[in-house]
Amino acid sequence: MANTTATQFCGFDQFIATVDGAVAQGSPDKITKALRAGLCRLIRCPDVKLPDCVYETCEDHYARRELYHSPNHGYTVVAMTWGPGQGTLIHDHCGMWCV
């Protein structure tokens, strides 16, 4: 995969293939259902291990790390990590959606 912003990790290719497959479903409802099913499957897969950086917190705010940006589909995978006692209020993403 030719992507300079990718954060490689164990199971990276399987993870991206799962997200690409979901995004290819077309409609938001189908994409969301496919992402949910695929991510739930990957969570249980011992061959996929997210990079250690996604478990690192910041003292005064959540941590946000870009893991991948798809040049073919235009989506971005961002890992967000909150430390103990941290949180966010309900908010809008200005037309963007998250899973």
| said: Please say yes or no: joined through hydrophobic side-chain contacts below 4.5 Å, possibly via intermediate residues, are Tyr55 and Val77 part of one cluster? | reply: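 Yes; tracing contacts between hydrophobic side chains, which count when under 4.5 Å, links both residues.
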| request: Look at the side-chain heavy atoms of Ile, Leu, Val, Met, Phe, Trp and Tyr, link any pair under 4.5 Å apart, and say whether Val78 and Tyr62 land in one connected group. | output: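 Yes.
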| request: Sequence neighbours left out, what passes salt bridge (Lys or Arg N to Asp or Glu O under 4.0 Å) with Asp29? Give chain and number order. | output: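 Here the qualifying residues are Lys33.
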| query | Among all residues two or more places apart in sequence or in another chain, which pass the salt bridge (Lys or Arg N to Asp or Glu O under 4.0 Å) test with Asp52? | reply |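 Expected list: Lys49.
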| message | Please report the interatomic distance CG(Leu35) to OG1(Thr18), rounded to the nearest 0.5 Å. | response |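 OG1 of Thr18 is found 9.0 Å from CG of Leu35.
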| said: Nearest 0.5 angstrom please: Leu50 CG to Cys10 SG, how far? | reply: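 It is 10.0 Å, given to the nearest 0.5 Å.
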| said: On a heavy-atom basis, which atom in Thr57 and which in Gly83 lie closest, and how many Å separate them? | reply: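 Closest approach of Thr57 to Gly83: CG2-CA, 3.5 Å.
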| query | Which heavy atom of Cys40 sits nearest a heavy atom of Arg44, and at what distance? | reply |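 Minimum heavy-atom separation between Cys40 and Arg44: O-NH1, 2.6 Å.
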| said: Taking Ala79's backbone N and O only, do any of them form a donor-acceptor pair with Arg64's side chain (distance below 3.5 Å, no angle check)? | reply: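 Not confirmed, Arg64 side chain does not pair with Ala79 backbone.
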| query | Are the side chain of Arg65 and the backbone of Glu56 linked by a donor-acceptor contact shorter than 3.5 Å? | reply |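 Here the side-chain-to-backbone pair exists.
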| field | Listed once per pair and sorted, the side-chain hydrogen bond (donor to acceptor under 3.5 Å, both in side chains) pairs that draw on residues 72-94, sequence neighbours left out | value |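 Every pair satisfying side-chain hydrogen bond (donor to acceptor under 3.5 Å, both in side chains) with a residue in residues 72-94: Asp20-Tyr75, His69-Thr76, His91-His93.
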| query | Between Phe15 and Tyr68, does the ring centre distance come in under 6.0 Å? | reply |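 Phe15 vs Tyr68: aromatic centres not under 6.0 Å.
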| field | The single option from Leu39, Leu42, Asp13 passing side chain to side chain contact (heavy atoms under 4.5 Å, CB included) against Val48 | value |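 The passing option is Leu42.
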